[in-house]
Enquirer: 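Once you've had a glance at the structure underneath, I'll fire off some questions.
Keep in mind it's a predicted model, so treat the numbers as computed, not measured. Because only heavy atoms are used, hydrogens play no part in the values below, and waters and symmetry mates are left out as well, while side chains stay in. Every chain is numbered from 1 and lettered A, B, ... according to where its sequence line falls, protein lines coming before strand lines.
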2 protein chains.
Amino acid sequence: MSTAEETAGGEAQAWGEVTPDAARRLLVAAVEAFAERGYHATTTRDIAGRAGMSPAALYIHYKTKEELLHRISRIGHEKALEILRTASRREGTPTERLAGAVSSFVRWHAGGRTTARVVQYELDSLGPDARAEILALRREVDGEVRRIIEEGVESGEFDVLDVHGTTLAVLSLCIDVARWFSVGGPRTPEEVGELYADLVLRMVGARNPAA
Amino acid sequence: MSTAEETAGGEAQAWGEVTPDAARRLLVAAVEAFAERGYHATTTRDIAGRAGMSPAALYIHYKTKEELLHRISRIGHEKALEILRTASRREGTPTERLAGAVSSFVRWHAGGRTTARVVQYELDSLGPDARAEILALRREVDGEVRRIIEEGVESGEFDVLDVHGTTLAVLSLCIDVARWFSVGGPRTPEEVGELYADLVLRMVGARNPAA
DNA sequence: GCCGAAGGTGAGCGAGCGCTTAGTGTGGCC
DNA sequence: GGCCACACTAAGCGCTCGCTCACCTTCGGC
C-alpha cells in the first residue's frame with residue numbers, strides 16, 4: 001500500500017517491511033535470481049552482483065543463502081494468507097466470497113509471478129525446520145479456502161461431494177498460475193483472475209456463476 | 001505393457017525402451033534423484049552411486065548430465081502425449097472422452113509422480129535447443145485437450161466461453177497433481193483421477209457429469 | 001589362445017561454490 | 001578532533017562440482 005514502487009522487471013511492492021535498505025536490495029535481488037534460475041542454480045555472487053555489492057556483503061545481513069530463501073518464503077506466504085483472509089472475511093454470500101478470494105489470489109500469483117514462483121516452488125530447498133514453519137502457513141491457507149467452501153455447502157449454494165479434495169484442487173489450480181503465467185502473454189492478471197473465479201464457481205457447483 | 005517391472009520406491013515401467021541395461025539403470029537413478037532433490041542439486045556422483053556404478057561410468061552412456069535430463073524429459077512427454085491421444089481418440093461423446101483423458105492423465109501424474117515431477121518441473125534446466133524440442137511436444141499435448149473441448153462446444157454438450165483459457169486451466173490442474181500428490185497420502189491415483197474428471201466436466205459445463 | 005571392442009574403474013583436473021577474515025572507508029557523538 | 005561502531009570490500013580457504021584420462025577386465029570370433 002501507500003507509496004509502493006514498481007520496478008521494471010520484477011515486483012518490489014511488498015518488501016517495504018524489510019530493513020535496512022541494503023538488506024532489502026539483497027532480498028529483492030535474491031527473489032529475481034531464485035525465480036529465474038532456481039535456488040540451487042543461483043550463486044551468492046549472482047545475488048550480491050544484482051544488488052550492486054560484493055559477494056561478502058550478503059553475509060553481513062544474512063547468515064546463509066538459505067536464510068534468504070526462508071525470509072522470502074515466509075513473507076510471501078504471509079502475504080498470500082493475508083490476501084485470502086481479507087477476501088474470505090468480507091461481507092457476502094459464499095459464492096461472492098469464493099469468487100473474490102480466487103480472483104485476488106490468482107491476481108497475486110500472476111502479477112507477482114516472480115515472487116510467487118519462489119514461494120510456491122522452492123519449498124523443498126529449505127531445511128526441515130524452516131520447511132515445517134512454512135507448511136504450517138500453508139495449512140492456514142488451505143483452511144481459509146476450505147471454510148468458504150464448507151459454508152457454501154451448508155447454505156446449499158454449493159454442490160460438493162469431496163470438500164477436502166475440491167479445496168486441494170482449487171488451491172492447486174491457483175498456485176500453478178505462477179508456473180505458466182507470462183507477463184508477455186495474451187492475458188492480464190485481472191483477466192486470468194476473472195476466468196479462474198468463474199471456473200472455480202463451476203467446480204463447486206455454484207447456482208448462478210456471476211460474471 | 002507386457003512384463004513391466006515395478007520397483008519399490010519409484011516407477012520403472014516405461015523405461016523398457018532404453019538400452020543397454022546399464023544406460024537404463026543410470027536413467028532410472030537420475031529420475032529418482034532429480035525428482036527428490038531437483039536437477040541442479042543432484043550430482044553426477046549421486047546418480048552413478050544409485051545405479052551402483054562409479055562416477056565415470058555415467059559418461060560412457062551419456063555425454064553430459066543435461067543429456068540425461070533431456071532424454072528423461074522427451075520420453076516422459078511422449079508417454080504423456082500418448083496417454084492423451086489414446087483417450088482422446090476413443091469412441092464416445094466429448095464428455096466421455098474428456099473424462100477419460102483427464103482421469104488417465106491425472107492417474108499418470110499421481111502414480112508416476114517421480115517421473116512426472118521431473119518432466120513437468122525441470123523444463124527450465126534444459127538448454128535452449130532441448131527446451132524448444134520439449135515445448136513443441138507440450139503444444140501437441142495442449143492441442144489434444146483443446147480439440148476435445150472444441151468438439152464438446154460444437155456439439156452443444158459443453159458451455160465454455162474461453163476455450164484456450166479453459167484448456168490451459170484443465171492442463172494446469174492435472175499437471176500440478178505431480179507437485180502435491182504423495183504416495184503416503186489419503187488418496188489413490190485412481191480416486192484423484194475420478195475426482196478430477198468430475199471437476200473438469202463441471203469446469204466445461206458438461207450437461208450430466210457422469211460418475 | 002590371441003585380439004580388439006565394449007564397458008567399467010580410480011585418480012584427479014580446473015573451476016566455481018558457500019562462506020570467512022583482515023582490513024578500509026565513513027558518519028555520528030562527545 | 002579523536003574515536004568507535006558499522007557497512008562494506010579484496011582476497012582467499014576448503015570443498016565439491018562436472019567431467020576426463022590412463023588403465024583394467026571380460027568376452028565373442030577365428
Side-chain angles (χ1 to χ4, degrees), chain A residues 15-73 118 122-131, chain B residues 15-73 118 122-131:
Chain A
W15 308 113
E17 62 185 84
V18 180
T19 53
D21 183 71
R24 181 173 56 250
R25 267 162 46 220
L26 284 164
L27 199 114
V28 170
V31 170
E32 288 174 4
F34 291 162
E36 267 178 39
R37 317 149 86 93
Y39 174 78
H40 286 293
T42 299
T43 69
T44 55
R45 285 164 176 82
D46 182 23
I47 297 169
R50 284 172 192 249
M53 302 164 97
S54 77
L58 196 151
Y59 294 91
I60 295 160
H61 301 282
Y62 302 95
K63 242 167 51 189
T64 62
K65 177 179 150 187
E66 194 194 317
E67 192 193 326
L68 266 168
L69 178 60
H70 184 191
R71 282 259 235 280
I72 291 166
S73 200
V118 179
E122 296 290 354
L123 180 67
D124 290 342
S125 301
L126 288 169
D129 292 353
R131 169 133 107 250
Chain B
W15 309 113
E17 62 184 86
V18 180
T19 52
D21 184 71
R24 181 174 57 252
R25 266 161 49 219
L26 283 164
L27 199 114
V28 170
V31 169
E32 288 173 5
F34 291 162
E36 268 178 39
R37 316 148 86 93
Y39 175 78
H40 286 293
T42 299
T43 69
T44 54
R45 284 164 175 82
D46 183 22
I47 296 169
R50 285 173 191 250
M53 303 164 98
S54 77
L58 196 150
Y59 294 91
I60 295 164
H61 300 282
Y62 302 95
K63 243 168 50 188
T64 62
K65 176 178 151 187
E66 195 195 316
E67 192 194 325
L68 265 168
L69 178 60
H70 184 193
R71 281 260 233 282
I72 292 166
S73 201
V118 179
E122 295 290 354
L123 181 67
D124 289 343
S125 302
L126 287 169
D129 293 351
R131 169 134 105 250

Enquirer: Specify the separation, in whole Å, of atom CD1 of I60(A) and atom P of dG25(C).
Expert: 16 Å

Enquirer: What is the distance from CE of M53(B) to P of dC19(D), rounded to the nearest Å?
Expert: 17 Å

Enquirer: Measure from NZ on K63(B) to P on dT20(D) and round the result to the nearest Å.
Expert: 10 Å

Enquirer: State, to 0.1 Å, how close L26(A) and H61(A) come at their nearest heavy-atom pair, and which atoms those are.
Expert: CD1-CD2, 3.8 Å

Enquirer: Looking across every strand, which nucleic acid part, if any, lies under 4.0 Å from T43(B) by heavy atom: base, sugar-phosphate, or nothing?
Expert: sugar-phosphate

Enquirer: Can you tell me how far P of dG16(C) sits from NZ of K65(A), to the nearest Å?
Expert: 16 Å

Enquirer: From CD1 of I47(A) over to C1' of dC19(C), roughly how many Å is that when rounded to an integer?
Expert: 13 Å

Enquirer: Please give, in whole Å, the distance from dC8(D) P to Y62(A) OH?
Expert: 11 Å

Enquirer: Would you say Y59(B) places a side-chain N or O within less than 4.0 Å of OP1 or OP2 belonging to dT20(D)?
Expert: no

Enquirer: Search all heavy atoms of E122(B) against all heavy atoms of G38(B) and return the closest pair with its distance.
Expert: OE2-CA, 3.2 Å

Enquirer: Between H61(B) and dA6(C), does any side-chain N or O lie under 4.0 Å from OP1 or OP2?
Expert: no

Enquirer: Please report the interatomic distance OH(Y62(A)) to OG1(T44(A)), rounded to the nearest 0.5 Å.
Expert: 14.0 Å

Enquirer: Could you give the CG-to-P distance, from L58(A) to dA7(D), as a whole number of Å?
Expert: 14 Å

Enquirer: Return the value, rounded to whole Å, for the distance between atom CG of L26(A) and atom C1' of dG18(C).
Expert: 15 Å

Enquirer: Of the non-hydrogen atoms in V28(B) and W15(B), which two are nearest, and what is the gap between them?
Expert: CG2-CD1, 3.7 Å

Enquirer: If you compare every side-chain N and O of S54(A) against the phosphate oxygens of dA10(D) (OP1, OP2), does one of them come in below 4.0 Å?
Expert: no

Enquirer: Could one point to a donor on the side chain of R45(A) or the base of dG16(C) with an acceptor on the other under 3.5 Å away?
Expert: no

Enquirer: Could you please name the option among dT9(D), dT20(D), dG18(C) that lies closest to any side-chain atom of A56(B)?
Expert: dT20(D)

Enquirer: Would you name the heavy atoms of E66(A) and S125(A) that are closest together and state the gap between them?
Expert: CG-O, 4.4 Å

